[in-house]
Structure formats: structure tokens, C-alpha cells
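Here is the structure we will look at.
Below, read A as the first sequence line, B as the second, and so on, with proteins coming before strands; counting in each chain starts at 1.
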Amino acid sequence: MSFWMVPEPDEPDEELDEDEYTENDDETEIGVSVPLRFELARTPAVVIVVDRVVAFGASFTLTLSIRCRTWRANLHDSLFMGFTGFQAVDDDDLFRFGVEFADGRRATTVGSHADYDEDSDAAVIFGRSVTDTDDGRGWDHVYIVGPLPPPGPLTFACEWPVEGIPVTRFQVDAAPILEAAARSEPIWPEP
Amino acid sequence: VAYFDPLPPDDGEPRHGQSAWGRPPADELAVGVPLRFVLARTENVVIFVGDVVAFREGIGFTAYACTRQPAQVRAGRGGWPESTGRLRVGLEFSDGRRTTDIRERTPTIARPRLASYSGGSRGGRTHGSAYWMQALPPPGPLTFACEWPDEALPLHRHTIDSDPLLRAAAAVEKTWPDEDER
């Protein structure tokens, strides 16, 4: 099985009722910045950096910065269509990104539709926001990953076949994220 | 003397803040600075700063505005919409220079420039607006300030040490160094 294929959860997600909207950690907590930055992949034409990691009580966010040397018309679709399922997993043009916990749980941007569910142990990653650069050749995409990883190695991975990037992994220790998460405070503390 | 200049009435004329100096440079890979702090807190409003990044000649950050009840005004792609009572954000350097996000019709060259260039909402109660300041502060204390008349938030300040920002700025690299050689 490829890195990007993650088994579907046993129970299909029920349609979210607006009245039952559950706020994510980054809407209810201040969060604590984690001093973590690394280059995940680099080719003569593409640079991919993970930076601005913020830990919350039960999840963390990160900013994935993607810079391309040249602009092309469908670049944005290549980078972000994975979430929508509009492109096949084996499409060489599709950029893939994911994380793997020490216990083997994995979440990827390919075909991921699930919202974070605090009652589930399944790892989930989804996009929170995206900002492009002035020259149209770069994006900063904020992802939220939940739940928190267990202690041990935490692996980030990406693949972008059309750009000559094979499955590329970078491993960090989850400890700084967990230590920071323990210090995250709610925006509205209980009286 | 008020910290923030009054916002001029919106007469439909463009103001500076979205020009070349209104966004971070596209040809540098910013370096994140692990800073996140509460700038202001009242019973109904919390303002905190996060996502601080350094560039070679400036810094970026996001000001998060949280309201206990859903706010009436939301930050959009261009940051906060212009209104006389909107959230204002400013910075003050250790040498006394000060800049705010009040967009000027005629930019003052001598002043370090601060612009809100994008924004968005998380749920209905947390709104973030990204800022770009086209200047590096001098060493020493750097004071963030905010005020939000529409939410009855008076002037609040929070001072940090600018050294981590300056160290990060010194580590910033051009994304494509060879492009400068052409």
C-alpha cells in the first residue's frame, strides 16, 4: 500500500449540522509556538518547507510553504485538489502531503474529507487557510493535524511526481509538540 | 495624544496598504519565530499575536481577534474592512519610531510601514488578519499595541525583545538565489 492510501473510517461521517458545529482547537485555544522548521523537499524547481508549528491541547497546526520557480496554469489545482478527491491518487500531477505517528497512524491530504473528531483515535489532517505570494509562484498552506501524536518519532512526508519529488520523509521528535501542547491555554478560561 | 491616528472617512479613494510595500517579499523564504502572546484581554475580547515570521527587511505576524460572541465585522482577504471603529494595530520601536495600520492617503516615507494584507475567520468568533511591516526593529524592546473602539477595547500594549526577530531575519535566504545573478 502506498504511503498515501489511508483506510477509510469504519463509520461514514454524518453530514455536519451547522447548529452542531464543533469548534477546532485553534478556535478555542491560544496555542503555543513550537521552534520547529525544516526543509521537507528541494529540487532545482521546487522548495517545500514546514514551519510555524503551533501546539494545542489535542492537535497542532503547521504551515507548509511551497515555492515553485516557474508559474503554470494548473499549479494551484495540483497542490490542493487532493483534498477534494477530484484527482486520482495516482495522478502524477497531484501534490501529496501527510504525517505519520510513531504508532503507525497516518493522515494524508489525498482524498481526506474527515473532520477532526475528538472521540476518534484516527489521525486527521485538513487545510485551514492558504495564502499565495505576490508572484503567484508560492503558497503558505496552514494544516491542522489531530489528535496529538504519541511520544516518539513523527514523520512528515510529501510526494510530487511531476516535479520529480519522490516520496520524501523528514522525521522529528514529537516531544517538543507535546510539551508545548501541555502549556496551551483556552481563549476563554472557565470562571 | 492618541496612540492611533483617527481613521479618515471612507471616500472610496484607494489608500496605501496594498501596494508593493503592503505584502511580504515573494522571493524570500521566511523564518518563523516561536512567539505567541496575548496582546489584550477583557471580559469579551481577546487579541493575541502569532505566526510571527522574519524576512530580511521586515516581519510578518497575525493578529487574532477573538470575541466571546460572534463579531459583527469579519476580516476578509484584504484584512479588516475600513470602519472608524475597527481594530487598530501598531508597533513601537525602542528608538521611539511608531507605525500603525491606519492606511495613509500619502505614505510617510520616514515611518516604518505596517499593512494588513489578508485575513480570514475561524468559526464565528476568531478572526485573524496577517500583517507585514516593511522594516526590522532596532535591537531592544518592541512594543505591540492595539485598540478596538467597536468592541470597547481601550489601548493595550505588550512588549517583547526584538532580538529573536533579528536573529531569524539574519537566517532568511532567497528562495532562488541564482535568479539574482541573472
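- Close placement of the A:Phe95 and A:Trp160 rings is indicated, their centers lying within 6.0 Å of each other.
- With a 4.5 Å cut-off on non-hydrogen atoms, A:Arg67 touches chain B through its backbone and its side chain both.
- For a residue to count as touching a neighbouring chain, one of its non-hydrogen atoms must lie under 4.5 Å from one of that chain's; by this rule B:Val49 does not touch chain A.
- Interface remark: A:Asp135 contributes backbone and side-chain atoms alike to the contact with chain B (heavy atom separation under 4.5 Å).
- Aromatic ring pairs are classed by plane angle as parallel below 30°, tilted from 30° to 60° and perpendicular above 60°; the pair B:Tyr64 and B:Phe48 is parallel.
- Ring-centre distance between B:Trp132 and B:Phe55: below the 6.0 Å cut-off.
- The closest side-chain donor-acceptor pair between B:Asn44 and B:Thr42, if any, does not fall under 3.5 angstrom.
- At a 4.5 Å heavy-atom cutoff, the contact between B:Leu35 and chain A is made by backbone atoms alone.
- For the residue pair B:Asp101 and B:Ser116, no side-chain donor N or O sits within less than 3.5 Å of a side-chain acceptor on the partner.
- Proximity to chain B is limited to the backbone of A:Val46, based on heavy atoms less than 4.5 angstrom apart.
- Nearest heavy-atom pair, B:Trp176 versus A:Thr43, reported as atom, atom and distance to 0.1 Å: CZ3-O, 4.1 Å.
- At a 4.5 Å heavy-atom cutoff, the contact between B:Val53 and chain A is made by side-chain atoms alone.
- Heavy atoms closer than 4.5 Å to chain A are found in the side chain of B:Arg41, but not in its backbone.
- Contact annotation for A:Val47: both backbone and side-chain heavy atoms come within less than 4.5 Å of a heavy atom of chain B.
- Side-chain N/O atoms of B:Thr126 and A:Glu27 include no donor and acceptor closer than 3.5 Å.
- Contacts between A:Val32 and chain B at a heavy-atom distance below 4.5 Å involve the backbone alone (N, CA, C, O).
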